[in-house]
*Asks:* 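The structure follows.
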Amino acid sequence: MPATLRHIWAVFDAAGGDLVAYNVSPDAPPTRLDPEAGTSTTPASKSAGYRPAATYNDRAVERDSARELDRMVEDAEFTRARKDLERAFPRATVPEVSERKRRALPIPDSIRLGLSSRQRKVRSVNKHRTQSSLPKVGYTAVRTLIDDPEHWNTVGEALSAARGDAL
């Protein structure tokens, strides 16, 4: 989820979800806007959908419980391999960005400046390293996911049902 959308979503959740929840009809059951609930026919974009409020709240409680379990596992005196096996959500494998390279996000709707030569080179090196380390099975799986819209929907729905928003 992009950082801007993550920030907006956090504001809505902090407000108790009242800003994103409304009923289509006064007689309809209460619903909540859920970015994971929508469907898409293209991998380029996906619209959000609505879930019953009870279902949405149950999923939020499950995610909070899984995060708490992960905190307990990290505090336990297990080896790193055992901790990785016991976690509900995978551990982040991306190294932390140093303070020297960290920068604030630009203002929304601002004009984006081009990347510096150093940034282009670093991205190119990382891209080629990643592409060379991906086995052919990985390329085949990605191509199948992108080329087949039905497979795209099936995988997206399965991931949403399994974990939902893992942030």
Side-chain angles (χ1 to χ4, degrees), residues 1-13 33-49 51 56 59-60 62-167:
M1 183 182 305
T4 306
L5 184 58
R6 191 176 312 127
H7 174 71
I8 292 169
W9 192 248
V11 170
F12 287 151
D13 275 350
L33 179 66
D34 187 355
E36 296 289 327
T39 58
S40 171
T41 58
T42 174
S45 65
K46 178 181 169 296
S47 59
R51 290 192 194 277
Y56 183 88
R59 289 167 57 95
E62 284 181 30
R63 289 190 299 269
D64 288 341
S65 299
R67 286 187 199 104
E68 182 60 31
L69 175 65
D70 285 350
R71 281 190 286 275
M72 290 171 29
V73 166
E74 285 300 318
D75 291 342
E77 295 183 12
F78 295 140
T79 63
R80 173 52 56 195
R82 176 73 187 270
K83 287 180 182 181
D84 288 344
L85 285 174
E86 298 291 335
R87 292 179 61 91
F89 296 121
R91 179 172 49 97
T93 58
V94 179
E96 285 292 321
V97 176
S98 71
E99 286 297 325
R100 185 178 61 82
K101 293 183 179 180
R102 185 171 295 154
R103 58 190 168 119
L105 291 174
I107 299 169
D109 298 332
S110 64
I111 297 173
R112 295 179 64 176
L113 301 175
L115 299 175
S116 70
S117 173
R118 179 190 61 79
Q119 289 171 319
R120 287 194 310 270
K121 288 176 186 173
V122 167
R123 286 186 180 191
S124 179
V125 166
N126 289 338
K127 176 184 75 173
H128 290 299
R129 184 183 322 127
T130 302
Q131 287 176 341
S132 66
S133 67
L134 186 65
K136 186 169 185 194
V137 159
Y139 278 111
T140 306
V142 170
R143 180 170 302 283
T144 303
L145 183 64
I146 292 172
D147 290 345
D148 183 9
E150 185 59 36
H151 188 63
W152 177 264
N153 287 335
T154 304
V155 169
E157 289 168 5
L159 288 172
S160 177
R163 289 290 180 221
D165 173 27
L167 296 175

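Residue indices begin at 1 and follow the sequence shown.
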*Asks:* Using modelled atom types and a 3.5 Å cut-off, is there a donor and acceptor pairing between side-chain atoms of Lys83 and backbone atoms of Glu74?
*Replies:* yes

*Asks:* Extract all donor-acceptor atom pairs below 3.5 Å that involve side chains of residues 133-141 and protein atoms in other chains or at least two apart in sequence.
*Replies:*
unit_1, atom_1, unit_2, atom_2, d
Ser133, OG, Arg129, O, 3.3
Ser133, OG, Thr130, O, 3.0
Tyr139, OH, Gln131, O, 2.9
Thr140, OG1, Lys136, O, 2.9

*Asks:* How long is the straight-line distance from OG of Ser65 back to CD of Glu68, given to the nearest 0.5 Å?
*Replies:* 8.5 Å

*Asks:* Would you call His128 and Ser124 a side-chain contact if the rule is heavy atoms closer than 4.5 Å?
*Replies:* yes

*Asks:* Checking Val155 now: which residues fulfil side-chain contact (heavy atoms from CB on, under 4.5 Å) with it, not counting sequence neighbours?
*Replies:* Leu145, His151, Leu159

*Asks:* Going from CZ on Arg87 to CE on Met72, what distance comes out if it is rounded to the nearest 0.5 angstrom?
*Replies:*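 With rounding to 0.5 Å, CZ (Arg87) is 12.5 Å from CE (Met72).
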
*Asks:* Count the heavy atoms belonging to other residues, nucleotides or ligands that lie under 6.0 Å from CZ of Arg71, then report whether that count exceeds 12.
*Replies:*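 Yes, enclosed.
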
*Asks:* When you measure from the side chain of Asp70 to the backbone N and O of Phe89, does any donor-acceptor pair fall under 3.5 Å?
*Replies:*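 At least one qualifying donor-acceptor pair exists.
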
*Asks:* Among all residues two or more places apart in sequence or in another chain, which pass the side-chain contact (heavy atoms from CB on, under 4.5 Å) test with Thr79?
*Replies:*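 So Thr79 forms a side-chain contact (heavy atoms from CB on, under 4.5 Å) with Ala81, Arg82.
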
*Asks:* Considering residues at least two apart in sequence or located in another chain, which fulfil the side-chain contact (heavy atoms from CB on, under 4.5 Å) criterion with Glu99?
*Replies:* Arg102

*Asks:* Is the number of heavy atoms from other residues, nucleotides or ligands within 6.0 Å of CZ (Arg80) greater than 12?
*Replies:* yes

*Asks:* Tell me which donor-acceptor pairs under 3.5 Å the side chains of residues 110-122 have, and how far apart each pair is, sequence neighbours excluded?
*Replies:*
unit_1, atom_1, unit_2, atom_2, d
Ser110, OG, Ile107, O, 2.8
Ser116, OG, Gln119, N, 3.2
Ser116, OG, Gln119, OE1, 3.4
Gln119, OE1, Ser116, N, 2.9
Arg120, NH1, Leu115, O, 2.8

*Asks:* So if I apply the side-chain contact (heavy atoms from CB on, under 4.5 Å) rule between Ile146 and each of Val142, Thr144, Asp148, which one comes out positive?
*Replies:*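 Of the listed residues Val142, Thr144, Asp148, the side-chain contact (heavy atoms from CB on, under 4.5 Å) partner of Ile146 is Val142.
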
*Asks:* Can you list the residues that meet the side-chain contact (heavy atoms from CB on, under 4.5 Å) rule with Glu77, with sequence neighbours excluded?
*Replies:* none

